[in-house]
Number of protein chains: 2
Amino acid sequence: MPARPRDGAATQQHLLAAARRRFAADGYDRTTIRAVAGDVGVDAALVIRYFGSKEGLFTRAADLDLGLPDLTGVRAGDLSKVLVGRFFAVWEDDPTFLALLRAAATSDVAAEAMRGVFARQVGPALAAVTDDRAPERAALVAATVLGFAMARYVLRLPPLVDMTRDRAEAWLGPTLRHYLLD
Amino acid sequence: MPARPRDGAATQQHLLAAARRRFAADGYDRTTIRAVAGDVGVDAALVIRYFGSKEGLFTRAADLDLGLPDLTGVRAGDLSKVLVGRFFAVWEDDPTFLALLRAAATSDVAAEAMRGVFARQVGPALAAVTDDRAPERAALVAATVLGFAMARYVLRLPPLVDMTRDRAEAWLGPTLRHYLLD
DNA sequence: AGGCTAGGTCATCGATCGTTGACACGGAAG
DNA sequence: CTTCCGTGTCAACGATCGATGACCTAGCCT
């Protein structure tokens with residue numbers, strides 16, 4: 001065996017990546033520390049050593065960044081294109097958000113983490129393009145995005161699983177504009 | 001103690017009601033057969049006797065009816081009122097659907113049950129008011145409803161938790177009409 | 001009255017999981 | 001070469017849970 005070098009920092013990153021995949025695929029409860037450790041080829045006790053507990057591992061693994069750009073000055077017609085583009089980047093290229101969503105369904109700490117993302121990232125970013133009633137508008141946008149993600153990636157409703165990005169943007173665009181601007 | 005009469009059928013109904021509450025509040029994994037049995041004041045072994053297994057209990061408890069009316073002939077302007085009305089009836093007066101949603105996030109059998117509800121109830125009901133692309137339109141409506149429920153009852157985003165039914169209908173109405181008719 | 005059936009209990013098994021503490025190893029510093 | 005600390009392993013504990021099978025009991029039928 002290649003006897004992977006003993007690099008603690010790298011091992012922690014591998015553990016976090018494996019944890020994100022497991023939490024995304026199986027949810028919080030069904031994800032076991034032993035399985036995450038096994039994916040990396042390491043003992044479960046090491047995970048506890050590095051992250052303190054299963055909840056600590058989840059908290060670190062679920063720390064995410066939506067990467068929302070500054071929306072000031074973006075034309076109304078381009079808003080949905082930008083938002084839907086971010087949507088697919090966040091949901092299809094990285095298992096973190098799916099992990100958070102699955103966990104939030106049953107875990108209160110995960111739900112709180114979600115509220116934090118909403119309060120610190122979605123709310124402020126959208127407040128730049130909509131003056132009054134910004135929190136309500138942002139929450140409706142969040143509900144739209146969460147519903148689409150839930151139906152497409154978790155429930156896997158066939159019509160949404162098969163939908164292309166362009167078509168999704170064509171459908172969601174007017175809805176998002178309605179919530180943000182009407 | 002009053003020594004509750006020995007009525008098997010009634011006990012099963014009490015167990016199903018308790019199971020729906022537990023599954024809705026705690027999700028599938030965190031709900032224990034012992035807790036459900038305890039809520040009814042009965043031994044856990046009896047639950048297995050009646051429902052075979054935890055999964056059997058869930059399947060019976062998650063058997064639900066949206067009660068969607070026949071929508072043929074409903075005027076376009078009244079569509080959202082009817083749909084949003086059913087939404088609150090289903091989500092706030094009965095824990096069944098919330099239980100199913102929470103469970104569907106991590107359990108595949110629950111997700112399959114959700115797809116069944118969509119295919120047998122939502123799809124056909126909405127097909128009555130929209131001719132072409134009916135499955136796609138119905139799926140978008142389902143995503144809208146699921147997102148709103150997820151954000152309001154599971155994530156508890158404050159702006160949506162505080163929203164009145166009338167205001168919800170005012171926001172969701174145009175979106176639902178867009179998905180169904182545009 | 002007596003027995004039979006359905007309703008319900010009890011003790012327990014086997015498996016899994018998070019977590020812990022003691023121990024082993026490997027490599028850079030002195 | 002030895003020391004030492006960070007890296008990783010190992011065995012095990014304590015708790016929980018789903019499920020099983022033997023057993024008890026209340027109440028109706030004859």
Side-chain angles (χ1 to χ4, degrees), chain A residues 1-62 99 102-103 106-110, chain B residues 1-62 99 102-103 106-110:
Chain A
M1 275 187 291
R4 181 172 27 83
R6 294 166 72 109
D7 184 336
T11 303
Q12 290 193 34
Q13 293 309 313
H14 294 153
L15 284 171
L16 286 174
R20 277 187 267 263
R21 287 192 299 268
R22 286 279 179 178
F23 282 129
D26 305 333
Y28 184 85
D29 292 303
R30 294 169 127 89
T31 295
T32 72
I33 289 191
R34 283 176 167 86
V36 172
D39 290 346
V40 181
V42 130
D43 191 272
L46 196 62
V47 179
I48 300 291
R49 246 241 226 305
Y50 283 145
F51 302 101
S53 66
K54 182 181 182 178
E55 190 176 314
L57 173 66
F58 177 81
T59 302
R60 287 281 306 276
R102 282 208 143 96
T106 46
S107 157
D108 209 39
V109 300
Chain B
M1 275 188 290
R4 184 170 27 82
R6 294 180 150 228
D7 185 336
T11 302
Q12 290 194 32
Q13 292 309 312
H14 295 151
L15 284 172
L16 286 174
R20 277 187 268 262
R21 286 192 300 269
R22 287 278 179 179
F23 282 129
D26 305 332
Y28 184 85
D29 293 300
R30 294 169 127 88
T31 295
T32 72
I33 288 190
R34 283 173 167 87
V36 172
D39 290 345
V40 181
V42 130
D43 192 272
L46 195 61
V47 179
I48 300 291
R49 256 260 234 281
Y50 283 146
F51 303 100
S53 67
K54 183 181 181 178
E55 189 176 315
L57 172 66
F58 177 80
T59 302
R60 286 283 306 274
R102 281 208 145 97
T106 45
S107 157
D108 208 39
V109 300

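Protein chains get the first letters and strands the later ones, always in sequence-line order, with residue 1 at the start of each.
Residues meeting the salt bridge (Lys or Arg N to Asp or Glu O under 4.0 Å) test with Arg60(A), sequence neighbours left out: none. Here Ala25(A) pairs with nothing under the side-chain contact (heavy atoms from CB on, under 4.5 Å) rule; sequence neighbours left out. Looking at residues two or more places apart in sequence or on another chain, you find a side-chain contact (heavy atoms from CB on, under 4.5 Å) between Ala103(B) and Tyr28(B), Phe58(B), Ala110(B). Residues meeting the side-chain contact (heavy atoms from CB on, under 4.5 Å) test with Thr59(A), sequence neighbours left out: Glu55(A). Partners of Asp26(A) according to the salt bridge (Lys or Arg N to Asp or Glu O under 4.0 Å) rule, which considers only residues two or more places apart in sequence or in another chain, are Arg22(A). Residues passing the salt bridge (Lys or Arg N to Asp or Glu O under 4.0 Å) test with Asp43(A): none are found, sequence neighbours excluded. In terms of the salt bridge (Lys or Arg N to Asp or Glu O under 4.0 Å) criterion, Arg20(B) has no residue partners (sequence neighbours excluded).
Within residues 28-38 of chain B, the residues having any heavy atom under 4.0 Å from DNA chain C are, by residue number, Arg34(B).
Looking only at side-chain heavy atoms (C-beta outward), Gln13(B) and Leu16(B) come within less than 4.5 Å of each other.
Spacing between atom NE2 of His14(B) and atom C1' of dG7(C) amounts to 15 Å, rounded to whole angstrom units. In this entry the distance linking CD of Gln12(A) with C1' of dG8(D) reads 13 Å, nearest Å. Atom-to-atom, CZ of Phe58(B) to P of dG18(D) comes out at 14 Å; the value is rounded to the nearest Å. Following rounding to the nearest Å, Leu15(B) (CG) and dG18(D) (P) show an atom-to-atom distance of 14 Å. One interatomic measurement links the two molecules: CG of Leu57(A) to C1' of dC17(C), which rounds to 14 Å at whole-angstrom precision. In this structure, CZ of Phe51(A) is placed 16 Å from P of dT20(C), rounded to the nearest angstrom. Taking atom NZ of Lys54(B) as the reference point, atom P of dG18(D) lies 4 Å away to the nearest angstrom. Note: CG (Leu46(B)) to C1' (dG7(C)) measures 7 Å, nearest angstrom.
Among the heavy atoms of the strands lying under 4.0 Å from Tyr50(B) are primed sugar atoms or P, OP1, OP2 only; no base atom is included.
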After noting the C-alpha distance and the side-chain angles of Val36(B) and Thr31(B), does the key distance pass the side chain to side chain contact (heavy atoms under 4.5 Å, CB included) rule?
CA-CA 8 Å; Val36(B) 172; Thr31(B) 295; 3.8 Å; yes
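Distances shorter than 4.0 Å separate some side-chain N or O of Thr11(A) from OP1 or OP2 on dG8(D).
Proximity note for Ser53(A) (side chain, C-beta onward) versus dG8(D), dA19(D), dT19(C): the nearest is dT19(C).
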Between the protein and nucleotides 21-26 of chain C, are there any N/O to N/O pairs under 3.5 Å, and if so, what are the atom names and distances?
from    : atom 1 : to      : atom 2 : distance (Å)
dC25(C) : O2     : Arg6(A) : NH2    : 3.2

